[in-house]
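This report refers to the structure that appears directly beneath it.
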Number of protein chains: 2
Amino acid sequence: MKWRSACPICSALDVLGDRWTMLIVRDLIVHGPRTYSELLDSREGIATNILADRLSLLSSLMLVERVNPDSPARNNAFRLTKGGEALRPVLEGLGKWAQVNLKNFHQDMLRMPDSPKKRK
Amino acid sequence: MKWRSACPICSALDVLGDRWTMLIVRDLIVHGPRTYSELLDSREGIATNILADRLSLLSSLMLVERVNPDSPARNNAFRLTKGGEALRPVLEGLGKWAQVNLKNFHQDMLRMPDSPKKRK
DNA sequence: CCGGATCCTTGTCGATACTG
DNA sequence: CAGTATCGACAAGGATCCGG
């Protein structure tokens with residue numbers, strides 16, 4: 001892990017500040033524990049390598065963990081730890097901010113997080 | 001602007017979910033109005049083209065504006081609009097989250113946002 | 001099948017040089 | 001000082017492959 005500075009906000013962004021990480025956290029917050037392929041099916045369509053990468057980063061920082069640490073990977077879901085769960089108010093704040101402040105630029109925005117799309 | 005989905009959280013991240021945009025917002029929150037080169041001097045060292053890019057994106061979404069809209073660019077600072085200022089609680093939440101949940105991985109993290117570094 | 005790893009292409013980032 | 005142009009490096013995205 002590479003930290004750009006000692007600023008807490010910057011450190012948070014060093015971990016979460018990319019196009020996908022917070023969306024994975026969002027899915028785990030909204031749906032609860034979720035398997036690899038359920039996360040893959042999330043509407044925005046993350047690629048398999050990116051998903052695996054981010055899950056392993058989040059695991060290494062103790063923000064996400066396996067539901068059954070010692071059983072085989074198959075159907076073994078991921079879930080948020082306490083630390084990951086603590087992001088809930090931040091994500092909710094972001095969502096509410098977007099509804100108010102981006103609505104003029106994005107007509108179709110929904111009121112709340114929604115359901116998965118079909119996989120190709 | 002390209003929106004990945006109708007989810008508000010995802011839309012917020014379509015705008016803010018990269019390594020730099022929220023850091024620019026952070027600087028404007030912490031310091032108030034700030035010129036291009038003051039923003040450049042921010043401790044993390046953003047590149048000139050990225051800074052210009054992000055400022056123009058934030059302007060187009062009405063989150064940032066010029067302090068003197070009609071005067072020449074030189075020494076004409078940027079500041080947050082109401083919509084940009086509304087991100088303050090979100091950023092504060094992120095910072096507090098990082099202080100609690102990343103402290104084991106990043107020993108040197110500070111308590112609060114801090115002062116600029118010297119430019120190279 | 002499911003959970004990834006690998007490879008390859010494409011696009012974006014980021015450093016620096018340069019211009020008005 | 002406030003940006004733009006350029007170009008190499010690197011990350012994202014997509015397809016496919018592979019072990020259990």
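In what follows, chains carry the letters A, B, and so on, assigned in the order in which the sequence lines appear, proteins first and then strands, with residues in each chain numbered from 1. Here the structure is a predicted model, which means the values were calculated and not measured.
- Annotation: side chain of B:L87 is in contact with side chain of A:W97 (closest heavy-atom distance under 4.5 Å).
- Using a 4.5 Å heavy-atom threshold, the side chains of B:L13 and B:I9 count as touching.
- Between A:L39 atom CG and C:dC2 atom C1' there is a gap of 13 Å when expressed in whole angstrom units.
- Sorted by first and then second residue, the salt bridge (charged side-chain N to carboxylate O under 4.0 Å, His left out) pairs involving residues 7-25 of chain B (not counting sequence neighbours) are A:D14-B:R19, B:R4-B:D14, B:D18-B:R54.
- Among residues at least two apart or in separate chains, salt bridge (charged side-chain N to carboxylate O under 4.0 Å, His left out) pairs with a member in residues 61-73 of chain A are A:E65-A:R79.
- Partners of A:A98 according to the side-chain contact (heavy atoms from CB on, under 4.5 Å) rule, which considers only residues two or more places apart in sequence or in another chain, are A:L102, A:M109, B:P8, B:A12.
- Legend: residues meeting side-chain contact (heavy atoms from CB on, under 4.5 Å) with B:T48, ordered by chain and number and at least two apart, are B:Y36, B:L40.
- The overall bend of the helix from C:dC1-D:dG20 to C:dG20-D:dC1, read as the angle between its terminal helix axes built from five base pairs each, is 20° when rounded to 10 degrees.
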Short heteroatom pairs, N/O only, protein and nucleotides 9-13 of chain C, under 3.5 Å:
| unit_1 | atom_1 | unit_2 | atom_2 | d |
| --- | --- | --- | --- | --- |
| C:dC13 | OP1 | B:R54 | NH2 | 2.9 |

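- Within the structure, ring-ring contact (aromatic ring centres under 6.0 Å, His included) pairs that include any residue of residues 2-21 of chain A comprise A:W3-B:H106 (at least two apart or interchain).
- Within the structure, salt bridge (charged side-chain N to carboxylate O under 4.0 Å, His left out) contacts touching residues 83-99 of chain B (residues at least two apart or in different chains) are B:E85-B:R88.
- When the nucleotides D:dT4, C:dG3, C:dA5 are ranked by their closest atom to the side chain of A:A52, C:dA5 comes out on top.
- For the pair A:I46 CD1 and C:dG3 P, the computed distance is 14 Å after rounding to whole Å.
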Write down the protein N/O and nucleotide N/O pairs, taken from nucleotides 16-19 of chain D, whose separation is under 3.5 Å; answer none if there are no such pairs.
none

